[in-house]
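Whatever order the structure lists them in is the order used to number ligands and atoms, beginning at 1. Throughout, numbering of the chain's residues begins at 1 and tracks the sequence. Source: prediction; values computed, not measured. Heavy atoms only: backbone and side chains are in, while hydrogens, waters and symmetry mates are out.
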Amino acid sequence: MILTDVIIIGAGIAAHSVACRLCDRGKKVIILTKSNKHDCNSTLAQGGISVALREDDSYMSHYEDTLSAGCGLNDKEATMTLVKEAPGIIREFIESGMNFDKNADGSLSFGREAAHKLARVIHAGGDRTGLKVMEQLYKNLGDRAEIRENEPVIDLIVKDGEAVGVITRDKDGNFNTYCAPYIVLAAGGIGNLFPGTSNDATITGDSIALAYRSGAELKNLEFIQFHPTLLTINGKNFGLISEAVRGDGGILVNEKGERIMEGVHPLKDLAPRDVVSRAVYSHTQKGENIYLDISGISGFRSRFPNVSEICESNGVDIDKNLIPVAPGAHFHMGGVKALPTGETTLPGLYAVGEAACTNVHGANRLASNSLLEGLVFGRLTADNIADSDRHMRTAQYTMPTVKMNVPLPSKKDIAKVMMKCVGIVRTEKSLLEGIEYFESFMPDKKGFVSINPMLCTDEELEIYNMLTAGWLIAKAAYNRKESFGAHYMENRLN
Ligand code: SIN
């Protein structure tokens with residue numbers, strides 16, 4: 001049994017933000033990740049970080065935009081905490097060495113993204129913000145925390161209603177037990193539950209499945225953000241085309257060159273993401289091709305080096321100024337119910353970043369609020385842990401006797417069902433069909449309970465987590481009767 005002060009599951013921006021601060025405060029931290037530490041959504045993030053740092057901006061304005069994109073369903077207190085804490089924490093991050101892009105006069109360069117009243121998004125390396133932020137966090141953390149790669153967490157260990165540890169399987173096939181008074185779940189969202197996604201291939205709903213099996217409460221699982229512009233060729237997607245492209249003047253057009261957002265929303269191409277995604281989707285469903293016209297953007301390659309590389313490596317000539325796009329799963333607003341300081345409903349378990357639902361995003365996340373959430377709530381969670389005095393309790397994992405229902409579907413099968421039944425446009429019938437599909441793989445009447453990992457491969461355990469998350473999402477969507485933001489029920493308004 002391995003004992004430590006804090007176990008962090010996941011290795012993206014939220015995990016590293018928690019780890020850096022806890023190490024500053026003298027805690028012993030182990031980070032567990034099922035792949036290598038670079039495989040996460042954070043390194044892929046293009047857009048940037050929204051923060052009220054301009055003289056003519058204010059956290060109140062950022063707050064209003066966040067609420068308005070979230071359809072007002074956001075938790076107001078948590079949202080206020082996020083926007084108010086943001087400027088100070090970002091300034092400190094800059095002081096730690098982080099280099100955000102600057103104008104010729106040395107001032108910070110602010111980009112515009114959808115549903116923001118003004119340009120308030122800071123970025124780094126053009127559209128390589130996530131990578132640059134992670135590189136800085138790796139530097140700040142150094143070797144102060146132990147990072148165990150290729151070691152998936154199979155289950156949390158719960159004793160007398162408290163999370164006390166985790167069970168993992170390492171790359172040599174050994175089962176390892178870790179115990180700590182604090183367990184932080186920061187393993188991201190659910191992108192690969194859908195066929196087209198901007199997410200890293202490792203993101204398979206593990207956070208939700210782990211939390212569900214441990215008895216922690218989940219929240220708002222029905223709210224899944226589809227990004228309107230993934231590079232899409234012959235129905236296959238090849239990565240994100242940042243919203244900052246539309247912020248800098250990119251326009252969505254059909255094959256005839258007509259603007260598709262004209263008359264759909266007053267903000268046109270910069271309308272909230274759920275609105276733009278549905279508009280693009282309605283065209284692609286009719287068999288039309290939709291493009292991002294970038295002819296109005298000068299110096300495209302230097303402002304968007306990452307997007308340019310994604311396009312060119314997939315045979316799209318950006319000098320022709322038309323990038324073929326379609327929506328894809330991008331961000332989960334729902335997750336493990338948590339406070340901005342990380343506490344979940346299960347004592348000893350904390351959740352942060354996309355894994356968590358602090359409800360700052362409501363029904364639709366405002367662009368570039370997710371890296372921000374990882375940094376700000378990561379910091380608050382770490383401080384909360386460092387200031388508390390939970391005691392170490394140890395327990396061994398009891399190997400479950402329940403076996404998986406085989407044969408399991410493939411990841412592709414699950415993604416197809418999710419898109420059809422729980423996708424951009426949903427109906428009561430489609431949701432019931434989704435629930436029925438998932439329940440056919442349920443190994444036990446009690447639900448998707450813990451199963452014997454000795455009888456499964458890591459891939460099968462991942463698929464089991466996807467089935468668990470898919471089922472929970474479909475049920476949550478079925479239970480929310482009205483349309484709100486990213487949860488869109490055909491013919492039902494809110
Ligand atoms: C993007 O660059 O479009 C994504 C940014 C975000 O999801 O906030």
Please could you name the atoms of ligand 1 that Ala367 approaches to less than 4.0 Å, counting only its heavy atoms?
8 (O)
Asp269/Arg259 salt bridge by N-O under 4.0 Å criterion:
yes
Hey, which atoms in ligand 1 end up nearer than 4.0 Å to a heavy atom of Glu243?
1 (C), 2 (O), 3 (O)
Which ligand 1 atoms, with their elements, are less than 4.0 angstrom from a heavy-atom of Ser242?
1 (C), 2 (O), 3 (O)
Atom CG of Leu346 and atom OG of Ser214: how far apart are they, to the nearest 0.5 Å?
5.0 Å
Are Arg426 and Glu222 ion-paired here, with the side-chain N under 4.0 Å from a carboxylate O?
no
Close aromatic pair by centroid cut-off 6.0 Å: His123 and Phe304
no
Can you name the atoms of ligand 1, numbered from 1 with element, that are less than 4.0 Å from a heavy atom of Gly47?
1 (C), 2 (O)
Can a salt bridge be assigned to the pair Glu462 and Lys34 using a cut-off of 4.0 Å between side-chain N and carboxylate O?
yes
Nearest neighbour of atom 5 (C) of ligand 1 from the list Arg273, His227, His123, Arg365, on a heavy-atom basis:
Arg273
Per-atom filter on ligand 1: closer than 4.0 angstrom to a heavy atom of Ser368 are 6 (C), 8 (O)
For His330, the atoms of ligand 1 under 4.0 Å from one of its heavy atoms are 4 (C), 6 (C), 7 (O)
Out of Glu85, Glu92, Glu373, which one pairs with Arg379 under the salt bridge (charged side-chain N to carboxylate O under 4.0 Å, His left out) rule?
Glu92
